[in-house]
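Because the structure is a prediction, the values reported are computed rather than measured. Residue numbers count from 1 along this sequence. FYI, side chains are in, hydrogens and waters are out, and symmetry mates aren't considered; it's all heavy atoms of this structure.
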Amino acid sequence: MSADLVGDEKTGVDPRAAWRAAESAVDHGILSGLRVLDLSRVLAGPYTAQILADHGAEVIKVEAPAGDETRGWGPPFEDEGATSAYYQSLNHSKENICLDLRTDAGREVLADLLAGADIVTENFKAGTMARWGFDYDTVLAERHPRMIYCRITGFGVDGPMGGLPGYDAVLQSFGGLMSVNGYPDGNPLRVGIPIVDIVAANMAVSGILLALYERDRSGRGQLVDMTLLDSVISILHPHAANWVSGGAIPQRTGDFHPTVVPYQVFSARDGDFFVSAANDRQFRSLVEVLGVPGLADDPRFVHNGERSQHRVELTTLLGERIAQWDRDDLAERLERAGVPASPVNNVAEALTSLQVRHRELFLDTDEYRGVGVPISLSRSTHRSPRPAVRRGEHTEEVLAALGYDPSRLAELRSSGVFGDG
């Protein structure tokens with residue numbers, strides 16, 4: 001079976017009409033009607049596809065018989081121990097099929113799925129799709145000229161490091177991010193979330209949307225070539241700009257801002273508290289609330305340049321005052337005075353805060369408990385998240401819609417292509 005035979009010649013079914021998820025007839029967002037084939041695993045690729053699913057795209061995730069390894073990245077586990085919370089948070093609102101792409105039959109099914117896809121996301125090791133006969137430049141772009149193909153790799157497929165595998169922490173290290181994270185007298189620190197993968201996913205979505213916009217004009221798709229290296233280099237602000245301008249190697253400053261003072265964590269009476277006074281007006285308001293208004297006219301602290309030169313003295317004086325306050329009381333007073341500040345919340349405090357709930361950024365319903373959809377549009381709705389499903393849950397449903405008859409499905413299952421033969 002090949003992609004060229006899918007449709008009227010083989011089944012009488014148009015793959016563009018048949019390749020659909022269970023909810024495809026319902027408008028769930030601005031991307032409703034777009035088909036996404038998610039061939040990716042772990043984080044950046046799955047998160048890319050999930051963002052598209054959140055806004056209405058029909059996403060089919062293809063998993064190998066062994067499953068996406070993040071299903072085992074726990075505890076905690078959900079779904080009666082079958083799936084980790086880690087996996088759940090990156091794969092909601094997708095259909096799921098299981099294919100053994102190491103087999104000829106599995107790759108024949110993949111060809112049929114590709115024939116109906118508007119968008120493909122993958123993060124295989126460089127060269128894998130080409131080895132299977134699906135190289136984008138020489139095969140897919142010609143066979144499916146409207147396809148938008150998003151390839152996510154660590155360092156790219158060419159150049160002196162082309163083809164090397166990429167991992168978030170490795171790219172934080174290689175890309176300079178780790179060097180500016182941590183305290184001056186401590187070790188370089190990994191950012192406490194997989195920030196490189198997350199930024200890569202959001203940039204990949206941006207690239208896909210740009211390609212969709214261009215396709216409306218040209219009628220042709222294109223390759224979205226996203227790397228984790230691109231991601232980490234893009235977020236080095238302001239350190240990259242400071243080095244370009246002044247030549248000095250940026251150093252770790254802990255919770256201090258390298259150029260703005262005060263912009264850091266202090267110890268309040270009942271916990272950690274962050275304060276940012278990024279301009280002279282905010283600084284004057286801050287010291288007035290703290291009961292030391294004279295600091296605003298102290299020659300050492302009048303402007304940010306002077307405050308930077310006398311950072312130690314200033315932070316000592318402010319710290320003594322902030323230590324006398326409870327966090328919530330001080331936050332309320334500073335908010336009224338126009339000074340950006342906040343208690344340093346833990347994750348539970350952040351997710352259950354009134355404003356997060358108001359923005360529906362954390363949902364706790366009978367159907368779904370987790371982070372909500374963080375992009376809101378004034379006229380267009382988005383899909384209400386539904387939990388990630390078990391590996392292969394929709395395999396036969398999706399392929400039946402594609403035109404596979406029961407005997408063919410039984411043959412594929414018995415041969416092990418679905419991972420349970």
Side-chain angles (χ1 to χ4, degrees), residues 36-54 57 59-98 121-125 150 152-154 165-173 177-178 181 189-205 226 228 231-232 235 345-352 356 360-365 367-375 383-394 419:
V36 179
L37 188 62
D38 180 12
L39 304 177
S40 63
R41 39 176 274 281
V42 188
L43 203 163
Y47 190 36
T48 298
Q50 180 174 278
I51 295 171
L52 300 174
D54 284 338
V59 177
I60 292 179
K61 181 180 177 74
V62 178
E63 283 193 63
D68 187 321
E69 57 260 53
T70 61
R71 284 188 182 270
W73 286 11
F77 291 97
E78 301 181 8
D79 194 18
E80 299 178 351
T83 304
S84 69
Y86 192 109
Y87 177 92
Q88 285 276 349
S89 70
L90 299 168
N91 291 282
H92 66 237
S93 304
K94 302 177 184 179
E95 310 301 306
N96 188 290
I97 71 173
C98 178
T121 63
E122 60 98 344
N123 57 358
F124 291 118
K125 183 179 179 181
C150 179
I152 302 176
T153 59
Y167 302 91
D168 182 274
V170 172
L171 269 297
Q172 288 195 38
S173 177
L177 181 60
M178 203 177 288
N181 192 46
L189 290 180
R190 178 184 66 86
V191 177
I193 59 171
I195 187 67
V196 177
D197 277 319
I198 291 170
V199 171
N202 281 278
M203 292 179 68
V205 170
M226 186 69 227
L228 301 189
S231 168
V232 68
I235 59 175
N345 289 328
N346 61 38
V347 172
E349 290 168 335
L351 290 179
T352 57
V356 167
E360 297 186 339
L361 293 170
F362 174 64
L363 302 175
D364 191 358
T365 68
E367 295 79 26
Y368 175 81
R369 186 171 191 265
V371 174
V373 178
I375 300 174
R383 174 182 276 122
S384 296
R386 52 183 172 80
V389 298
R390 297 196 175 206
R391 175 181 60 82
E393 183 160 322
H394 302 106

| request: Would you please name every residue forming a salt bridge (charged side-chain N to carboxylate O under 4.0 Å, His left out) with Asp68, sequence neighbours left out? | output: Lys61

| remark: Sequence neighbours excluded, the answer for side-chain contact (heavy atoms from CB on, under 4.5 Å) partners of Ala53 is Val59, Ser93, Arg383

| side chain to side chain contact (heavy atoms under 4.5 Å, CB included) between Leu37 and Glu122, intermediate numbers included | CA-CA 9 Å; Leu37 188 62; Glu122 60 98 344; over 6 Å; no

| So, does Ser84 use its side chain to make a donor-acceptor pair with the main chain of Gly74 at under 3.5 Å? | no

| salt bridge (charged side-chain N to carboxylate O under 4.0 Å, His left out) against Arg391, all qualifying residues, sequence neighbours excluded | none

| message | Going by side-chain hydrogen bond (donor to acceptor under 3.5 Å, both in side chains), name the residues that satisfy it together with Gln172, two or more places apart in sequence or in a different chain. | response | Asp168

| task | Can you see which heavy atom on Val36 is nearest to which on Ala57, and at what distance? | result | CG2-CB, 3.8 Å

| said: With rounding to the nearest 0.5 angstrom, report the OG to CG distance, Ser231 to Asp197. | reply: 7.5 Å

| Hey, are the side chains of Pro387 and Gln88 touching, using non-hydrogen atoms and a 4.5 Å cut-off? | yes

| Where is the tightest heavy-atom contact between Ala85 and Glu78, given as atom of each residue plus distance? | CB-OE2, 3.9 Å

| task | Using side-chain hydrogen bond (donor to acceptor under 3.5 Å, both in side chains) as the criterion, list what pairs up with Glu63, not counting sequence neighbours. | result | Arg71, Tyr87, Asn96

| said: If the condition is side-chain contact (heavy atoms from CB on, under 4.5 Å), which residues does Ser40 pass it with, not counting sequence neighbours? | reply: Asp38, Pro46, Thr121, Asn123

| query | Nearest heavy-atom pair of Val373 and Pro385: which atoms, and what distance? | reply | CG2-CG, 4.1 Å

| note | Heavy atoms of His394 and Lys94 approach each other most closely as CE1-O, 4.2 Å

| said: My understanding is that only residues two or more places apart in sequence, or in another chain, count here; which of them pass side-chain hydrogen bond (donor to acceptor under 3.5 Å, both in side chains) with Asp364? | reply: Arg369

| query | Is there a donor-acceptor contact under 3.5 Å from the side chain of Thr48 to the main chain of Ala44? | reply | yes

| task | Check the pair Glu367 / Arg386 against side chain to side chain contact (heavy atoms under 4.5 Å, CB included), numbers first and verdict last. | result | CA-CA 7 Å; Glu367 295 79 26; Arg386 52 183 172 80; over 6 Å; no

| request: Please tell me if the side chains of Ile375 and Asp54 come closer than 4.5 Å, counting only heavy atoms from C-beta onward. | output: no

| task | Not counting sequence neighbours, which residues clear side-chain hydrogen bond (donor to acceptor under 3.5 Å, both in side chains) with Glu360? List them please. | result | none

| query | For Tyr167 and Leu228, what are the C-alpha separation, side-chain angles and deciding distance, and is it a side chain to side chain contact (heavy atoms under 4.5 Å, CB included)? | reply | CA-CA 8 Å; Tyr167 302 91; Leu228 301 189; 6.0 Å; no

| Partner residues of Phe77 under the ring pair (Phe, Tyr, Trp, His ring centres under 6.0 Å) criterion, sequence neighbours left out | none

| message | Could you measure the distance from the CG atom of Leu43 to the OG1 atom of Thr70? Nearest 0.5 Å is fine. | response | 8.0 Å

| query | Between Gln50 and Ser89, which heavy-atom pair has the shortest distance, and what is it? | reply | NE2-O, 3.0 Å

| Sequence-distant partners of Arg390, salt bridge (charged side-chain N to carboxylate O under 4.0 Å, His left out), two or more places apart | Asp79, Glu80

| said: Test of understanding: with salt bridge (charged side-chain N to carboxylate O under 4.0 Å, His left out), list the residues that count as partners of Glu393, not counting sequence neighbours. | reply: none

| field | Partner residues of Phe362 under the ring pair (Phe, Tyr, Trp, His ring centres under 6.0 Å) criterion, sequence neighbours left out | value | none

| message | What verdict does the side chain to side chain contact (heavy atoms under 4.5 Å, CB included) test give for Val205 and Tyr47, after you've listed the backbone C-alpha separation in whole Å, the side-chain angles of each residue and the deciding distance to 0.1 Å? | response | CA-CA 9 Å; Val205 170; Tyr47 190 36; over 6 Å; no

| query | Which atoms form the tightest heavy-atom contact between Gly166 and Leu171, and what is the distance? | reply | CA-CD2, 3.9 Å

